[in-house]
Amino acid sequence: MPLTTSAFNLPNHLTPKADPMLIAGDEQHFAAIAESLEQTIADLSDRLDTTRRAPAHLGQEALERDVEIGRLTARLRALRRFGLDLCLGHMVSADNPEPVYVGRLGLTDSDGRRLLIDWRSPAAEPFFGATHANPMGLASRRRYRWTRGRITDYWDEVFTPDGLVGHAALEDLSAFIASLGSSRSARMRDVLGTIQADQDAIIRASSRGALVVDGGPGTGKTVVALHRSAYLLYSDPRLGHRGVHGKSGVLFIGPHRPYLAYVADVLPSLGEEGVRTCTLRDLVPEGATAAIETDPDVALLKSNADMVKAIEPAVRFYEEPPSKGMAIETPYADLWLSVDEWAEAYAAPEPGTPHNEAREQVWEELLTILVDKHDGDDVPDGLLRRALAQNAELVGAFSRAWPLLNYTDLVGDLWSVPAYLRMCAPWLRPDEVTKLQRHDAQAWTVSDLPLLDAARQRLGDPEASRRKRRQDAVVNAERELMDRVVDDLIAADDSELLVMSMLRGQDLQDKLGDEGVTPSADPDELAGPFAHAVVDEAQELTDAEWQMLLLRCPSRSFTVVGDRAQARHVFAEPWLERLERVGVTSVNLATLGINYRTPEEVMAEAEPVIRAALPDANVPTSIRSSGIPVVHGSTAELGSILDSWLAAHADGTACVIGPGGIETGPFRATSRVRSLTPELAKGLEFDLVVLVDPEAFGTGIEGAVDRYVAMTRATQQLVILTNPRRRPTTMTATRRSRCGER
């Protein structure tokens, strides 16, 4: 369907940019995109309907059908999410005047003409990476700003004299830079069209080994992390959209729930819905309610990766074979199970098999050993095996020797049985063992999560084992019934060939009593393994918490995003040393040093705060100004400040950041005004930040980092309110009026 309305909706002050000489080519190309989009959506819808109506199959065919339905559905959802604003801009090469249009997705018309190239393709790299120092073969580049499906501004950059033809007057990108400070909302705004060359180079870096992206506030670390996730899924065949056992190839770890909510729209807007996103707390069920460890000494002990290593001997304690043999009586034979045979059965599981799964393998091997010891031909193996499985003495001995274990009980025992902890962690001093003991062993803290996670992965799900035992019991009962029916049929068979005797064949019996029909338990979606993991705000991770990620990404292919100057606990060593110590090798380091978010006025006030505590902090250089100075005042003025700002700003967001969050007196959080602690504000950004009683954040590294993080969340204005009892200052009327300025 041809376009009936121009794709451009430029405001009056940009009338020169609406000159048909400048945009006629774009209009023509957008008309072709609109027609192709309509046809592509119709074709995909028909294919999806046809695939869904196709006869259901089993096995590989069913899997392939489900994969195709998922692929078509995701493609349709991505195309319907956008219209013409799939297009980010175009570029013109120095040796070809025909523009190449770059989009969120690739798009081809019915004649095979490429209308949009995917932003992740190698051909699109100059659109993001070209600079005046390295134009990458471009003569010019145009970027669009879309608002509700129409272009409300665009920027032209020219790299050669020939590039001037057909473009607006040369710009120094001041308008483009200013656009980076546009109003924020509750969700991260679309920034794909504004990715800069330094960010793009990191997004497109290889996924081999680990890449550390070190950058201060406002440098786009989160933007890089999210877009790199989408890029790697597109470009790296090792990752794919589905990893091992059908799981996503990429795991994205954010610092907290408000952060995940803030960035929730970014990956879907890039056409990627398969990336698993979570926080460290989400990796363990107990994480949702875990408290913060109140004793810093206990937290320090548990932060050591060695504590996670205590889980292995803790489990091994329950995997020692009995030291005595035993006699077993059955209706068919009396058998002896020796110490060596116990040990043989215990060696049956493959290395790495979870304890509760291995238990079933050991049990089956025990039964096999005992059945093989019986040399009589008068008793079918199946009957003897069932008799052994029902032998109370054997079942009891095995249950004591290799019990089903719950991971919470295992870790709880470490904090309540000193002798057990000493055995599992012999490096601990007696006073440290005592310090780690607690009255309520299962009053979980965040510091416990790495141990709970390691125990959960090492043990496996005890319920899965119990379900299998119950399923086996049902199958065995059905087999017993089948045996009786077969016996009756054979007894009544008077045919010459005794056809019914064939029912004794093991192959046929296996088919008649197929155990494969019982459903298996759903796997834990976050358990991994994942081919690649992206970790944002990684400077906060302890050595023990890193073990949680290594369990899920055995390839050691990581994108590690963070800022040492924003670590609430001392991070004195270089990134490479920290990662090497926790087990991540082959590390490359990339640094971001340009602050696109935080105005110069705010950074001028924030930089001394962090340098006083960390003189070598990687403080980025801000490249834009809001024209609004930082305002100081009293905490009593919080309500009036917010009222003034809301009255003067029809859109945008504000955040009140204080110790423990602030929701008292005249202030209540709304959809546009939030209340957060410095820790939960990390990774977020707001037009206005009101910092309340910053001195209450404390002294030392943690207090300085909290103040620095809170101050640098502002994209437009920062207000600092001090408790009068700490510092008797008031805000002048002039300063108060500035809170209403845009």
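For this chain, numbers begin at 1 and follow the sequence in order.
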Fill in: Steps toward side chain to side chain contact (heavy atoms under 4.5 Å, CB included) verdict (Leu688, Cys655)
CA-CA 6 Å; Leu688 168 69; Cys655 187; over 6 Å; no
Worksheet item: Is there side-chain contact between Pro529 and Arg552, with at least one heavy-atom pair below 4.5 Å?
Response: no
Practice prompt. Can you measure from CG (Leu44) to CD (Gln39) and round to the nearest 0.5 angstrom?
Written response: 10.0 Å
Worksheet item: Within the side chain of Arg52, is there an N or O that forms a donor-acceptor pair under 3.5 Å with the backbone of Ile69?
Response: no
Worksheet entry | Contact summary for Leu84 and Ala7, nearest pair of heavy atoms | CD1-CB, 3.9 Å
Item to complete: Go through the steps for Ser6 and Phe30 under the test side chain to side chain contact (heavy atoms under 4.5 Å, CB included), then give the verdict.
Response: CA-CA 9 Å; Ser6 171; Phe30 290 144; over 6 Å; no
Worksheet item: Does Arg276 count as lying over the ring of Phe530, i.e. NZ or CZ under 6.0 Å from the six-ring centre, within 45 degrees of the axis?
Response: no
Worksheet item: Any donor and acceptor pair, going by atom type alone, linking the side chain of Thr598 with main-chain N or O of Met603 inside 3.5 Å?
Response: no
Discussion item. Nearest 0.5 angstrom please: Leu116 CG to Leu88 CG, how far?
Written reply: 8.5 Å
Discussion item. Given 3.5 Å as the limit, does a donor-acceptor pair link the side chain of Gln199 with the main chain of Phe128, or not?
Written reply: no
Discussion item. Whether Arg143 engages the ring of Phe127 as a cation-pi pair (distance to the six-membered ring centre under 6.0 angstrom, angle to the ring normal within 45°) should be assessed.
Written reply: yes
Item to complete: Report the C-alpha distance between Trp645 and Phe686 in whole Å, list the side-chain angles of each, state the deciding distance to 0.1 Å, and finish with yes or no for ring-ring contact (aromatic ring centres under 6.0 Å, His included).
Response: CA-CA 13 Å; Trp645 184 84; Phe686 307 91; over 10 Å; no
Discussion item. Checking Lys17 against Asp153 for the side chain to side chain contact (heavy atoms under 4.5 Å, CB included) test, could you report, in this order, the C-alpha distance in whole Å, the side-chain angles of both residues, the deciding distance, and whether it holds?
Written reply: CA-CA 8 Å; Lys17 288 188 173 183; Asp153 201 356; 2.9 Å; yes
Practice prompt. Considering non-hydrogen atoms only, spot the tightest contact between Ala225 and Val561 and give its length.
Written response: CB-CG2, 3.8 Å
Worksheet item: What's the shortest heavy-atom distance between Leu22 and Arg142, and which atoms?
Response: O-NH1, 2.9 Å
Response to the item:
Scanning both residues in full, the closest heavy-atom pair of Ile195 with Val223 reads CG1-CG1, 4.3 Å
Practice prompt. Indicate yes or no for a side-chain donor-acceptor contact from Arg556 to the backbone of Thr585 under 3.5 Å, with no hydrogens or angles considered.
Written response: no
Fill in: Main-chain N/O of Asp214 paired to Lys221 side chain as donor or acceptor, under 3.5 Å
no
Worksheet entry | Partner of Val102 under side-chain contact (heavy atoms from CB on, under 4.5 Å), chosen from Met91, His90, Arg141 | Met91
Discussion item. I'd like to know if the side chain of His256 pairs up with that of Thr279 as donor and acceptor (distance under 3.5 Å, no hydrogens or angles considered).
Written reply: no
Worksheet entry | Pair Trp575 + Phe558: ring centers closer than 6.0 Å | no
Discussion item. Against Thr147, only a single residue in Asp85, Thr152, Asn9 fulfils side chain to side chain donor-acceptor pair (under 3.5 Å); can you say which?
Written reply: Thr152
Worksheet item: Between atom CD of Glu525 and atom CG of Asp282, what is the distance when rounded to the nearest 0.5 Å?
Response: 12.0 Å
Discussion item. Is any side-chain heavy atom of Val631 closer than 4.5 Å to one of Gln717?
Written reply: yes
Practice prompt. Give a yes or no on whether the backbone of Thr653 and the side-chain of Asp687 come within a donor-acceptor separation of less than 3.5 Å.
Written response: yes
Fill in: Leu684 and Pro258, any side-chain heavy atoms less than 4.5 Å apart
yes
Worksheet item: Within a strict 4.5 Å, meaning less than it, do heavy atoms of the Gln196 and Ile594 side chains meet?
Response: no
Worksheet entry | Side chains of Leu541 and Leu549 in contact at under 4.5 Å (non-hydrogen atoms) | yes
Worksheet, complete the sentence: Scanning both residues in full, the closest heavy-atom pair of Pro217 with Arg713 reads CB-NH2, 3.9 Å
Fill in: Distance, nearest 0.5 Å, that separates OG1 of Thr712 from CD of Glu607
12.0 Å
Worksheet item: If you take all heavy atoms of Trp119 and Ala230, which pair is closest and at what distance?
Response: CZ2-CB, 4.1 Å
Worksheet item: Hey, are Ser625 and Glu601 close enough side-chain-wise for a donor-acceptor pair under 3.5 Å?
Response: yes
Fill in: OG-CG distance between Ser36 and Leu107, expressed to the nearest 0.5 angstrom
3.5 Å
Practice prompt. Return yes if some donor-acceptor pair links the side-chain N/O of Ser626 with the main-chain N/O of Gln716 below 3.5 Å, else return no.
Written response: yes
Fill in: Arg150 side chain to Phe8 backbone, donor-acceptor under 3.5 Å
yes
Worksheet item: Taking C-beta and beyond as the side chain, do Phe82 and Cys87 meet within less than 4.5 Å on heavy atoms?
Response: no
Worksheet item: Are side-chain heavy atoms of Thr15 and Leu10 found at a separation under 4.5 Å?
Response: no
Practice prompt. Check for a donor-acceptor pair, side chain of Arg672 on one end and backbone N or O of Asp651 on the other, with a separation under 3.5 Å.
Written response: yes
Worksheet item: Taking atom types as modelled, is there a side-chain donor on Asp26 or Tyr154 under 3.5 Å from an acceptor on the other?
Response: no
Worksheet item: Is the shortest side-chain N to carboxylate O distance from Arg120 to Asp118 below 4.0 Å?
Response: yes
Worksheet entry | Where at least one partner belongs to residues 68-80, residue pairs that pass salt bridge (Lys or Arg N to Asp or Glu O under 4.0 Å), sequence neighbours excluded | Arg47-Glu68, Glu68-Arg71, Arg77-Glu273
Discussion item. Please confirm whether the ring centroid of His132 lies under 6.0 Å from the ring centroid of Phe159.
Written reply: yes
Practice prompt. Might you work through the side chain to side chain contact (heavy atoms under 4.5 Å, CB included) test for His227 and Val266, ending with a clear yes or no?
Written response: CA-CA 8 Å; His227 288 74; Val266 176; 4.1 Å; yes
Fill in: Ser555 and His532: CA distance, side-chain angles, deciding distance, side chain to side chain donor-acceptor pair (under 3.5 Å) verdict
CA-CA 7 Å; Ser555 67; His532 187 82; over 6 Å; no
Worksheet entry | Short side-chain to backbone donor-acceptor contact, His29 and Leu115, under 3.5 Å | yes
Worksheet item: Side chains of Leu37 and Leu86: does their closest heavy-atom pair fall under 4.5 Å?
Response: yes
Item to complete: Could you grab the distance from atom CD1 of Ile202 to atom OH of Tyr231, nearest 0.5 Å is fine?
Response: 13.5 Å
